[in-house]
Structures are given as C-alpha cells and as structure tokens.
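First comes the structure, then the notes that go with it.
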Amino acid sequence: DGELQTDGNRSGHLQNGELVFDPEVNEEIIRTIAAQLAEIGDQLDKQIKAKVVNDLVQHFLNENLSREEITRCLSQAVEGLARAIPSDLEQEKAMLVLAMVLTKKVANRVPSLLQRVFSTTVNYISQHFHSYVVRMVSA
C-alpha cells in the first residue's frame, strides 16, 4: 500500500540504518490528490464552527475517554459536518478532508493534543477510509 503523505513526499522507513522507500507510486498522482484535498479543505474549513472544535478539544482533553470513545467523538463530529456538504462534492472525499481539517483545528487550538488527535485521526481514517484512499492512489 502506497501511503498518501500530506506533503506529497513518498513514504519510507529505515532498514539496516538506510532509508528504503516504499513501493513505487506515481508521485504526480499523489501530488494532484494532495492539492485537490487541500483545496477542498480550504473550502470546508470556513464551514466549521468554533463550537464543534471546542467540543472536540474537550473530548481530547478528557483522559478518562478510551481511544475508541475519542474516535467515536471524531466520527460523530465528521458525520455531523458532512450533513451540510454540498451534494456535488463526493461524500467520502469530503468526510476524509473534514477529519483532517478538524485535526488541524484541534491541534492549532491546543498544541499539546497534537499526538493524541493525530493518532486518533489516523485510526479513524484507517477504519473508515482505507479502501477509499487506496482507490484514489491507484486510479
């Protein structure tokens, strides 16, 4: 599986102390997809009310909530915002972008939550949009 990196770079890992890139993917397609997602994110960013972000911040700050409960809170926020998405925008793509924009907004609001909100979002995207991301990259 080629990973979709937000900065358009290829993913890789260290093996025997050397950087090894994951299987070849068409980097131009990845950059095009990233640019499209960023554009959609800019459009959707304006529609997210501060209350939604503040509520998510409170959930992330609550250390008594399990990883699953936090993921459920993120999912509910995304689904709630998705109801207002224009019908001409592909639902899965919009929900994927909403998750990313919410992550950015929560982390910007409370930077100390970056690791928790990022890992929760990765978990959420993996659970709900893995196939979609693979289809986008493979197209």
Side-chain angles (χ1 to χ4, degrees):
D1 294 341
E3 288 186 28
L4 178 61
Q5 301 287 316
T6 57
D7 61 2
N9 289 312
R10 290 181 18 199
S11 61
H13 60 277
L14 288 177
Q15 185 174 355
N16 298 326
E18 293 185 31
L19 183 62
V20 177
F21 288 106
D22 290 337
E24 283 295 317
V25 294
N26 186 329
E27 291 184 35
E28 190 57 37
I29 289 175
I30 300 297
R31 284 190 182 90
T32 301
I33 291 169
Q36 290 172 354
L37 294 177
E39 185 178 318
I40 293 167
D42 290 343
Q43 294 168 6
L44 295 177
D45 180 66
K46 298 172 185 125
Q47 298 176 11
I48 298 174
K49 304 288 185 228
K51 182 178 179 355
V52 174
V53 176
N54 291 337
D55 288 349
L56 267 178
V57 165
Q58 292 309 311
H59 290 299
F60 277 105
L61 287 172
N62 184 348
E63 294 182 12
N64 294 322
L65 292 179
S66 69
R67 181 177 176 168
E68 292 78 22
E69 290 170 313
I70 296 264
T71 302
R72 195 173 320 112
C73 292
L74 176 63
S75 180
Q76 290 170 346
V78 169
E79 289 169 11
L81 291 167
R83 290 186 197 108
I85 293 172
S87 59
D88 63 332
L89 189 55
E90 187 179 344
Q91 191 76 11
E92 282 182 305
K93 186 180 287 186
M95 290 177 72
L96 175 66
V97 172
L98 281 169
M100 291 180 200
V101 172
L102 283 170
T103 299
K104 176 184 169 188
K105 285 181 164 292
V106 169
N108 283 343
R109 178 117 161 85
V110 183
S112 63
L113 291 174
L114 176 61
Q115 184 175 2
R116 189 168 191 200
V117 72
F118 178 78
S119 65
T120 300
T121 303
V122 168
N123 183 45
Y124 171 73
I125 289 171
S126 295
Q127 287 177 2
H128 293 78
F129 302 105
H130 178 77
S131 297
Y132 178 73
V133 171
V134 169
R135 283 193 316 271
M136 273 195 315
V137 173
S138 302

Around atom NZ of K105, are there more than 12 heavy atoms of other residues, nucleotides or ligands at under 6.0 Å? yes
When every non-hydrogen atom of A84 is compared with those of Q47, the smallest separation belongs to O-OE1, 4.3 Å
Of all heavy-atom pairs between V57 and L113, which one has the smallest distance, and what is that distance? O-CD1, 4.1 Å
Can you check side chain to side chain contact (heavy atoms under 4.5 Å, CB included) on R135 and E92, steps first, answer last? CA-CA 12 Å; R135 283 193 316 271; E92 282 182 305; 3.1 Å; yes
Could you give me the CA-CA distance, side-chain angles and deciding distance for H128 and M95, then say whether side chain to side chain contact (heavy atoms under 4.5 Å, CB included) is met? CA-CA 10 Å; H128 293 78; M95 290 177 72; over 6 Å; no
Derivation and outcome, side chain to side chain contact (heavy atoms under 4.5 Å, CB included), residues L102 and L81: CA-CA 10 Å; L102 283 170; L81 291 167; 3.8 Å; yes
With sequence neighbours left out, write down each residue that passes side chain to side chain donor-acceptor pair (under 3.5 Å) with N54, or none if nothing qualifies. R109
Residue that, paired with L56, satisfies side chain to side chain contact (heavy atoms under 4.5 Å, CB included) out of V110, V117, V106: V106
Quick one: side-chain contact (heavy atoms from CB on, under 4.5 Å) partners of S66, sequence neighbours excluded? E68, E69
Starting at CD1 of I85, measure out to CD of E90 and round the result to the nearest 0.5 Å. 11.0 Å
Could you grab the distance from atom NE2 of H59 to atom CD of Q76, nearest 0.5 Å is fine? 7.5 Å
For K51, all residues meeting salt bridge (Lys or Arg N to Asp or Glu O under 4.0 Å), sequence neighbours excluded: D55
Give a yes or no on whether Q127 atom CD has more than 12 heavy-atom contacts from other residues, nucleotides or ligands under 6.0 Å away. yes
Between CZ on residue F118 and CE on residue M100, distance to nearest 0.5 Å: 9.5 Å
Considering all heavy atoms, the nearest L114-A107 contact: CD1-CB, 3.7 Å
Could you report the tightest heavy-atom contact between A94 and L44, atom names first, then the distance? O-CD1, 3.8 Å
Could you walk me through whether I48 and L98 pass side chain to side chain contact (heavy atoms under 4.5 Å, CB included), step by step? CA-CA 9 Å; I48 298 174; L98 281 169; 4.1 Å; yes
Just how far is it from atom CG of L37 to atom CG of L96, taken to the nearest 0.5 Å? 6.0 Å
From K93 NZ over to F129 CZ, what is the distance, rounded to the nearest 0.5 angstrom? 13.0 Å
Closest non-hydrogen contact found for T103 with A99 is OG1-O, 2.8 Å
Interatomic distance, L61 atom CG to R116 atom CZ [nearest 0.5 angstrom]: 8.5 Å
With no hydrogens and no angle check, is any side-chain donor or acceptor of S75 less than 3.5 Å from a backbone partner on T71? no
